[in-house]
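Proteins come first, then strands; the chains are lettered A, B, ... in the order of their sequence lines, and each starts at number 1.
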There are 2 protein chains.
Amino acid sequence: MESQTRAKKMEATRKKLIAAGRKAFAKKGFAAASMDELTAEAGLTRGALYHNFGDKKGLMAAVVDQIDMAMATKAKEAGEEIGGGWEGLLAEGRAYIEMALEPEVQRIVLLDGPAVLGDPAQWPSQNRCLQGTIGTLRALASEGLIKPVDIEALARLLNGVALNAALWVASSEDAQGTLPKAIAAFECLATGVLNKAPQAVHESG
Amino acid sequence: MESQTRAKKMEATRKKLIAAGRKAFAKKGFAAASMDELTAEAGLTRGALYHNFGDKKGLMAAVVDQIDMAMATKAKEAGEEIGGGWEGLLAEGRAYIEMALEPEVQRIVLLDGPAVLGDPAQWPSQNRCLQGTIGTLRALASEGLIKPVDIEALARLLNGVALNAALWVASSEDAQGTLPKAIAAFECLATGVLNKAPQAVHESG
DNA sequence: TTCTTTCACATACGTAGTGTATGTCAATTG
DNA sequence: CAATTGACATACACTACGTATGTGAAAGAA
């Protein structure tokens with residue numbers, strides 16, 4: 001029955017390495033992060049890293065996946081809390097923007113991630129987030145609220161707007177001051193997907 | 001009269017290095033691009049590089065600036081050709097999206113640029129582009145066409161949408177097929193900044 | 001012109017960091 | 001209890017950046 005001891009230990013080291021990776025990548029950036037330092041801080045050596053993740057990029061992928069998946073979950077929750085629908089979509093966007101205030105998200109997911117792992121749209125975690133947005137948009141479209149445009153394209157750009165707003169807020173000096181502006185502008189652009197003026201739309205449940 | 005010989009030669013080497021940098025950064029990516037290979041292909045050595053640009057990042061900055069400035073110019077021209085105003089703004093966005101089909105733009109400006117040089121909103125070239133968008137938006141706002149939202153925020157996100165659409169098109173397998181979808185979705189979102197439905201707006205000159 | 005200085009660039013070197021090949025010891029299996 | 005697997009450490013090779021130093025041609029002085 002203790003035949004899981006090995007696997008559990010390995011899972012523990014994976015966690016340690018991912019945690020150390022988050023810290024190092026956030027603080028130094030991907031390129032400047034040293035795998036020697038990183039693994040040493042986790043009480044390990046590079047041997048563990050290359051055994052578990054293949055290479056530096058592999059660890060980055062694991063780290064990005066973890067953060068990004070948490071973001072998607074949080075955003076979705078924010079949307080469902082408010083009851084889904086159009087307001088839910090806006091809430092998802094707002095949540096996404098606010099999360100980007102965290103330096104880890106900013107540096108790892110928004111800046112280094114795309115450069116190291118390629119276009120975010122291809123990441124498994126981002127795809128999950130995108131599928132969520134697509135689902136919400138389809139539901140709205142079936143009610144006739146959305147303009148007759150390719151839904152996937154709309155979802156991608158909508159996510160992109162939130163991501164960009166987030167990046168702007170994050171890189172701004174007065175983050176707390178720009179946050180409301182960014183959110184307002186996001187909602188402003190988002191209303192572009194609607195068939196009618198937003199004032200005319202309340203709740204249709 | 002030949003007192004410019006020195007400076008001219010230096011300018012020539014700078015051009016050679018930037019050109020070689022464009023090729024190498026686009027093909028290999030910033031991290032994997034070797035300065036030895038790069039400079040050798042330009043008929044020079046790393047000495048020239050470090051003398052002219054300080055370090056690898058310095059060359060990257062010069063390359064990005066060159067490309068990005070050309071993009072801004074081209075986009076602005078596209079907007080002015082159509083006569084400015086609302087249609088001009090859309091034309092700028094379309095131009096931006098189409099330019100991102102070039103691998104150089106995609107890899108250097110959209111992917112590696114932000115990771116190496118930081119948030120694009122801080123780049124001098126991007127600021128120039130942003131100022132243009134802000135100017136156009138202000139003009140539209142003075143005609144009462146724009147919603148009462150912070151113009152800078154709007155401009156940033158609008159540029160961001162175009163940039164994101166571009167990135168999507170670029171990373172798509174069937175670029176020619178996704179391009180129209182991306183443009184349509186961009187225009188869709190862009191109408192969100194308008195006070196009224198876009199159908200009611202033609203030209204107001 | 002000729003001597004001196006400057007400077008754009010090349011050459012040589014130190015260092016750091018990644019990835020791989022090999023070693024080792026505990027956990028598993030029979 | 002012997003044999004084997006495998007997770008991780010150690011050792012090594014290679015690459016590449018940045019710097020310190022050298023060099024030869026252009027620019028200025030006399």
Side-chain angles (χ1 to χ4, degrees), chain A residues 1-64 108 112-113 115-117, chain B residues 1-64 108 112-113 115-117:
Chain A
M1 281 307 130
E2 64 261 25
S3 58
Q4 284 180 343
T5 309
R6 270 311 246 282
K8 279 200 175 178
K9 238 188 136 171
M10 197 170 173
E11 198 57 33
T13 64
R14 278 180 62 93
K15 272 193 172 181
K16 279 188 216 164
L17 288 174
I18 291 179
R22 277 180 78 142
K23 250 198 273 184
F25 290 151
K27 189 171 182 180
K28 310 261 188 182
F30 177 80
S34 162
M35 306 307 267
D36 271 325
E37 286 183 20
L38 194 161
T39 51
E41 195 172 349
L44 298 162
T45 68
R46 290 212 323 277
L49 203 160
Y50 286 96
H51 188 72
N52 280 283
F53 298 100
D55 60 353
K56 191 179 184 180
K57 210 199 287 197
L59 178 62
M60 179 67 165
V63 168
V64 163
I108 300 179
D112 286 342
V116 176
L117 306 173
Chain B
M1 283 301 132
E2 64 261 28
S3 60
Q4 286 182 339
T5 308
R6 274 303 251 282
K8 279 200 175 181
K9 236 189 141 174
M10 199 171 173
E11 198 57 33
T13 65
R14 280 180 60 94
K15 272 195 173 182
K16 278 189 217 164
L17 288 174
I18 291 179
R22 279 180 77 142
K23 250 198 272 184
F25 289 152
K27 190 172 183 179
K28 309 262 188 182
F30 177 80
S34 162
M35 307 307 269
D36 271 325
E37 286 184 20
L38 195 160
T39 51
E41 196 172 347
L44 298 162
T45 69
R46 290 212 321 277
L49 204 161
Y50 286 95
H51 187 73
N52 280 284
F53 298 100
D55 60 353
K56 192 179 183 180
K57 210 196 295 199
L59 176 63
M60 180 67 166
V63 168
V64 164
I108 301 178
D112 286 342
V116 177
L117 306 173

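The side chain of A:N52 contributes an N or O atom lying less than 4.0 Å from OP1 or OP2 of D:dC8. OP1 and OP2 of C:dA8 both lie 4.0 Å or more from every side-chain N or O belonging to B:T13. OP1 or OP2 of C:dC9 has not a single side-chain nitrogen or oxygen of B:H51 nearer than 4.0 Å.
The separation between B:M60 atom CE and D:dC17 atom C1' is 16 Å, rounded to whole Å. A:L59 places its CG atom 11 Å from the P atom of C:dG19, with the value rounded to the nearest Å. Taking atom CG of residue A:L49 and atom C1' of nucleotide D:dA9, one finds them 13 Å apart after rounding to whole Å. Computed from coordinates, the B:M10 CE to D:dA27 P distance equals 14 Å when rounded to whole Å.
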Shorter than 3.5 Å, N or O on both sides, protein versus nucleotides 15-18 of chain C: list them out with atom names.
unit_1 : atom_1 : unit_2 : atom_2 : d
C:dT18 : OP1    : A:A33  : O      : 3.1
C:dT18 : OP1    : A:M35  : N      : 3.2
C:dT18 : OP1    : A:K56  : NZ     : 3.4
C:dT18 : OP2    : A:M35  : N      : 3.4

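Residue A:L59 comes nearest to A:F53 through the heavy atom pair N-CB, 3.7 Å, listed as atom of the first residue, atom of the second, then distance. For the pair B:R46 and B:T39, the tightest heavy-atom approach, listed with the atom from each and the gap, is N-OG1, 3.6 Å. In terms of heavy atoms, A:F30 sits closest to A:D112 at N-OD2, 2.9 Å.
Of all nucleotides listed (D:dA7, C:dC9, D:dA9), D:dA9 comes nearest to the side chain of A:T45.
When side chains are defined from C-beta on, B:K23 does not count as touching B:L38, because their heavy atoms never get closer than 4.5 Å. At a threshold of 4.5 Å between non-hydrogen side-chain atoms, the residues B:M60 and B:I108 count as touching.
To the nearest 0.5 Å, atom CG of residue B:L17 and atom CE of residue B:M35 are 8.5 Å apart.
Using a 4.0 Å heavy-atom distance criterion, B:L44 is classed as a sugar-phosphate-only contact.
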